[in-house]
Amino acid sequence: MMDIIRTKDVVYEYIRRDDEGAVTGITTAVDHVSLGIKQGDFIAILGHNGSGKSTLAKHFNAILTPEEGTVWVDGMDTLEEKNVWNVRQTAGMVFQNPDNQIIAPVVEEDVGFGPENMGVPTEEIWKRVEESLKAVGMYEFRKHSPNNLSGGQKQRVSIAGVLAMKPKCIVLDEPTAMLDPQGRREVLKAVHELNKLEGVTVILITHYMEEVTDADKVFVMDSGKVVMQGTPKQIFTLVDELKELRLDVPQPTLLAWELKKRGIPLPDGILTGEELVQAIKDLK
Amino acid sequence: MSLIVDHISYIYGKDTGTPIEALKDVSLSIPDGQFIGIIGHTGSGKSTLMQHLNGLEKASSGTIYFNGEDVYEKGYNLKNLRSKVGLVFQYPEHQLFAETVFADVCYGPKNLGLSKSDCELRAYDALRKVGFPEDLIFTSPFELSGGQKRRAAIAGVLAMKPEVLILDEPTAGLDPKGRDEILTQIKKLQKEENMTILLVSHSMEDVAEYVDRIVVLNEGKIFLDNTPKEVFRHYKELEEIGLSAPQVTYIMHDLADAGLNVRCDVTTVSEAADEIVRALSR
């Protein structure tokens, strides 16, 4: 199957200038990244603050375009001006702070804003609003003011707003960083359902390792480069290497690792509490 | 000495027709040198309570005693309270504004009317205490990484020499190492300076790892107030109010259900490892 997103040797630099406009420093945020993301996959991108993951993600819907190299979204080169609209429609983006993404006074109007801007006929807009809100479990709140929603609910409205544009791919940049445990559970459940039921490709950027255990593939970034890629099992076996990169592993994996250090013969690649409990049961 | 919250309630929007009671009869005694975690879902009243502790909000009823003095008494010096009870807001780096990190940290003490050299001494001291890299002290705060900005902002509050430090989600948006670094530094402030710390957090794992006591808020009321072990014993009730227990606590319960003889009141990874090894070797 064709890759929904493909990048080849992508480079992006932030250039700092002084008051006169002279260059005082250059940070290479994305450094020759080449990768492919399969349609329908659930992808996670990990990396410490400043590793370049958000800058890379912004290339996936043409908020940024590469200074060197190429990004193709559903076969469209993001550098070509004529593609920008279609690229943004193909790959929608959700950010960290829900309060910066919701604009309308009523939930259903907010969700309808995207398709309306795309020139979708009114009847079709309402159909999409209904479907999108149902997909994230927020339909019963359609007449509410976003102000009265919890963080997790607002974030699900943001996701519905992207869904209403019928994207093939949705990029979420730390969507749970500001949420309480309940909010995090809600958002992750919604995102997983989109992926499974609607077949939307999901690209999740996060600092919470346990959100990544169900992903099809994980990319780990450092200094603008992809330094590891593989399944969660393959990645989270590398506990020491991840700690080097200022990252971590899910708590059950860490516990398994601690137990192994203390001489308990557990298998590699334990990611969840259930797997750990099963492995310990198998010992007996 | 200490902070005592004595039956405070707080109602806002009284004149809008739909008044909201954000705090309902909250009482809390905060002794010196304790590290307290405050948890509760979004809108449970955590931030409102914190804003009462340093006098940014005034309770509708009840009162607060700081070091034995009623802070709502006529003539009480609220400016003093605000410098002694330091509040670090969410995303404090959004409030950095000066040309250099050093100037930014000096700003607070300068407002207290201290001499230039005293301000600078305090700023150096505060930056050292948060583990800020020395070679970056005179750079612009806008050129720093997320974790460094966060430290600079916390140093700005520490430079006021507070006795109580309140931090509202100080690790939101930081990578795992950054989270550990900030929390370890905060723990050090408690240990070495005997500072009282209140940490508002959405991470049950972080709270379990670092604090001595947890206060759980729900709908403006205190729901639980006890040690992490005791609080996370009530994991089912916590789930009902939008919270959870650390993942290891669930693992211990599952192991016990599977017939392994382990204690379930375990809240950290190292404790869990010890407990499982002990149970398996019997």
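A, B, ... follow the sequence lines: proteins, then strands. Residue 1 opens every chain.
For the residue pair A:R156 and A:Q153, no side-chain donor N or O sits within less than 3.5 Å of a side-chain acceptor on the partner.
Ranked by heavy-atom pairs shorter than 4.5 Å toward chain B, the options A:M178, A:E274, A:K261, A:K281 are led by A:M178. When A:R246, A:R185, A:E210, A:Q182 are compared by the number of non-hydrogen pairs under 4.5 Å with chain B, A:R246 comes out ahead. Among A:P181, A:A177, A:P252, the residue making the largest number of heavy-atom pairs under 4.5 Å with chain B is A:P181. Counting heavy-atom pairs closer than 4.5 Å to chain B, the top-ranked of the candidates A:L179, A:L276, A:T176, A:L283 is A:L179. Ranked by non-hydrogen atom pairs under 4.5 Å with chain A, the options B:L243, B:D257, B:T171 are led by B:L243.
Contacts between residues 90-103 of chain B and chain A, counted as heavy-atom pairs separated by less than 4.5 Å, involve B:Q90, B:Y91. Residues of residues 94-101 of chain A having a heavy atom under 4.5 Å from any heavy atom of chain B, listed by number: A:Q96.
Judged purely by atom type and a 3.5 angstrom limit, B:Y10 has no side-chain atom pairing as donor or acceptor with the backbone of B:K24. Here the side chain of A:R262 pairs no donor or acceptor atom with the backbone of A:L259 at under 3.5 angstrom. Of the possible polar contacts, one joining the A:N49 side chain to the B:G173 backbone as a donor-acceptor pair under 3.5 Å is found. The backbone N or O of A:V277 lies less than 3.5 Å from no partner atom in the side chain of B:D254, so there is not a single donor-acceptor pair.
B:M252 does not touch chain A: none of its heavy atoms, backbone or side chain, sits under 4.5 Å away. Neither the backbone nor the side chain of A:L46 comes within less than 4.5 Å of any heavy atom of chain B. With a 4.5 Å cut-off on non-hydrogen atoms, B:L280 touches chain A through its side chain but not through its backbone.
For the side-chain contact (heavy atoms from CB on, under 4.5 Å) criterion with B:L167, the lone passing option out of B:L198, B:I197, B:V200 is B:I197.
Using bins of under 30°, 30° to 60° and over 60° for the plane-to-plane angle, the ring pair B:Y235/B:H253 lands in the tilted bin.
The local environment of OH in B:Y12 is sparse, with at most 12 non-hydrogen atoms from other residues, nucleotides or ligands closer than 6.0 Å.
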